[in-house]
Number of protein chains: 2
Amino acid sequence: MPTDGRRVPAGAAVLREDITDAIRDAVFAELAEVGYGRLSIEAVARRAGVGKTAVYRRWSSKLDMVVDVVSTVAGERMDLPDMGSLRDDIEMILMIAGRALRHPLAWKVIPDLLAEAARNPGIAETLHRVLTANQRGMGSQVVARAVARGEIAAEVDPDLAIDLIVGPLYWRIAVSRNELPKADIQRLAVSAAAALGALPRA
Amino acid sequence: MPTDGRRVPAGAAVLREDITDAIRDAVFAELAEVGYGRLSIEAVARRAGVGKTAVYRRWSSKLDMVVDVVSTVAGERMDLPDMGSLRDDIEMILMIAGRALRHPLAWKVIPDLLAEAARNPGIAETLHRVLTANQRGMGSQVVARAVARGEIAAEVDPDLAIDLIVGPLYWRIAVSRNELPKADIQRLAVSAAAALGALPRA
DNA sequence: ATTCGTCGAGACGAGGCCGTATCAACGCGT
DNA sequence: ACGCGTTGATACGGCCTCGTCTCGACGAAT
């Protein structure tokens, strides 16, 4: 935890923030290039142009490092503007998530970490925390609005809603790795809205 | 009485099939345990209880080996019985896919290979071939039946249909890693059917 | 009975990474 | 000016893997 503790004993010298940032960038680049499994501290230090010392002084292990770096970058909460209808709210989510998933680094890093989470509890916990924070929030927000508008039934489970909205998008981008033109995003939004509307009568 | 057209030079001795099988099993086990990135030929041979020689005599590289093993196991085509309605066809797909994704090995191996595909063209090609063969087939099959029944419009894109059907399932099982009771599968089927029905009026 | 390819085992040099330690240089607060 | 902690660099022994090679043993066809 290199967050500024502000406690300087006597003769100064603090972990330099610019170096911490350089290491963070290098971690992401390495993560995208070789994945968590093959990621090595030496390669991160090399890429960041720093000594291994600088890395080990900040984190005690590869897991520590990755978890901290991922948490830092993914900590940004997001507020969703009310677009006026369920369909448009969903389209907004799809555009935001789609842009994030298309990011050249995220596109490689996210599936890699999700796969690693299947065998690494530390990664799994971090990812779960980050994902649920940003998504479950969006889910309940959108569902609550749609219920208030009378567009869907009140019993709709926000988690299931997220599955129906984000699932097809993730599948398309990260699994099929196909193109995703704007027309398809709109079609996905219409479909997801219909899917949510059909929900409670299961 | 040679079973097939085996061409044995002079003094016999063929690659033993039981050993090939043992190696294949070991590859899957290692793939699940450490992932493609960390997988090593030595570990595979060790786990299979064979010498490195036996492995190198069959495949020239790690990529060769994994591609061949994956292709072998995933080559099974599948014919989908007609369940009488779009909703029930979809539920059938979800149950089959859900069972496959819940397999203790597949559950770890599939996301891992999908992540690796983002940086390894050989893996990507293999996976794409295997996935599209088994899924696009199902997609067009189900869509064609639903169109014939008059349940959905004829312009529905089978690929988009697959996104809408499998996406939420994969997201739930492989990404969120939540439970998936049968009631949820049925709800997903209802929703997916509604999503498909809403499609053409985009 | 002989022959020949596969079998397990392991040796080999090369190379990467681990985590720790040591080094002089630098900058900052005192 | 002084002390102190960080800095990059480098070295260390240990471990693992690579891909090739050699060895004796086995088995199946000749």
Side-chain angles (χ1 to χ4, degrees), chain A residues 1-27 29-31 33-68 116 119-120 122, chain B residues 1-27 29-31 33-68 116 119-120 122:
Chain A
M1 304 301 190
T3 48
D4 50 342
R6 245 51 203 109
R7 197 74 196 96
V8 181
V14 186
L15 293 176
R16 275 168 52 186
E17 193 62 29
D18 58 328
I19 288 182
T20 305
D21 290 343
I23 297 176
R24 274 197 240 270
D25 291 348
V27 168
E30 282 292 313
L31 225 38
E33 198 163 308
V34 303
Y36 180 86
R38 278 200 181 297
L39 182 138
S40 74
I41 304 247
E42 297 223 7
V44 168
R46 214 180 304 135
R47 173 165 233 142
V50 307
K52 286 202 290 181
T53 324
V55 178
Y56 278 107
R57 200 174 287 118
R58 287 166 173 78
W59 303 281
S60 65
S61 70
K62 170 168 134 179
L63 179 60
D64 256 36
M65 180 178 68
V66 171
V67 162
D68 175 67
E116 185 63 25
R119 63 180 82 91
N120 188 326
Chain B
M1 194 173 14
T3 51
D4 50 0
R6 270 303 191 217
R7 195 76 195 89
V8 180
V14 185
L15 292 176
R16 275 169 51 187
E17 193 63 28
D18 59 326
I19 289 183
T20 304
D21 290 344
I23 297 177
R24 275 197 240 270
D25 290 349
V27 168
E30 283 291 314
L31 226 37
E33 198 163 308
V34 303
Y36 179 86
R38 278 201 182 294
L39 181 139
S40 75
I41 304 254
E42 297 223 8
V44 168
R46 213 180 304 135
R47 173 164 234 144
V50 306
K52 287 200 291 180
T53 324
V55 178
Y56 278 108
R57 201 174 286 119
R58 286 166 173 77
W59 302 281
S60 65
S61 69
K62 170 169 136 177
L63 178 60
D64 256 37
M65 179 178 69
V66 170
V67 163
D68 175 68
E116 185 63 25
R119 62 180 82 92
N120 189 325

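Throughout, protein chains are lettered first and strands after them, A, B, ... in sequence-line order, and every chain is numbered starting at 1.
Under 4.0 Å is where a charged nitrogen must lie from a carboxylate oxygen, and between A/R58 and A/D64 no such pair does. Salt-bridge formation is not detected for the pair A/R47/A/D25: no Lys NZ or Arg NE/NH1/NH2 atom is positioned less than 4.0 Å from an Asp or Glu carboxylate oxygen.
The A/V50 side chain lies nearest to D/dG8 when the options are D/dG8, C/dT6, C/dG8. The side chain of A/E42 lies closest to C/dC17, out of C/dC17, D/dG19, C/dC7. Taking every side-chain heavy atom of A/R46 into account, C/dC17 is the closest of D/dG19, C/dC17, C/dC7.
Taking atom CD1 of A/I41 as the reference point, atom P of C/dT20 lies 11 Å away to the nearest angstrom. In this entry the distance linking CG of A/L39 with P of C/dG16 reads 16 Å, nearest Å. Between the CH2 atom of B/W59 and the C1' atom of C/dT6 there is a distance of 15 Å, given to the nearest Å. For the pair A/I19 CD1 and C/dC28 P, the interatomic distance rounds to 12 Å; values are reported in whole Å. If you take CE of A/M65 and C1' of C/dC18, they are 13 Å apart, rounded to a whole angstrom. Rounded to whole Å, the distance from CD1 on A/I23 to P on D/dT6 is 13 Å. Between A/R58 atom CZ and D/dG5 atom P the separation is 16 Å, expressed in whole Å. Straight-line distance from the OH atom of A/Y56 to the C1' atom of C/dT22: 17 Å, rounded to whole Å.
Residue side chain A/K52 reaches the base of C/dG19 through a donor-acceptor N/O pair under 3.5 Å, judged by distance alone.
Counting heavy atoms from C-beta outward, B/W59 and B/V67 have side chains that stay 4.5 Å or more apart. Counting only heavy atoms from C-beta outward, the side chains of B/R24 and B/D68 approach each other to under 4.5 Å.
A/R16 comes within 4.0 angstrom of sugar-phosphate atoms only, judged by non-hydrogen atoms across all strands, and of no base. Looking at heavy-atom distances under 4.0 Å, A/R38 makes no contact with the nucleic acid at all.
Side-chain atoms of B/R38 come within 3.5 Å of backbone atoms of A/G37 as a donor-acceptor pair (strictly under, hydrogens ignored).
With DNA chain C read from its 5' end, the first of the two nearest nucleotides for A/T53 and A/S40 is the one closest to A/S40.
Contact annotation: A/R57 side-chain N/O to C/dG19 OP1/OP2 distance is not under 4.0 Å.
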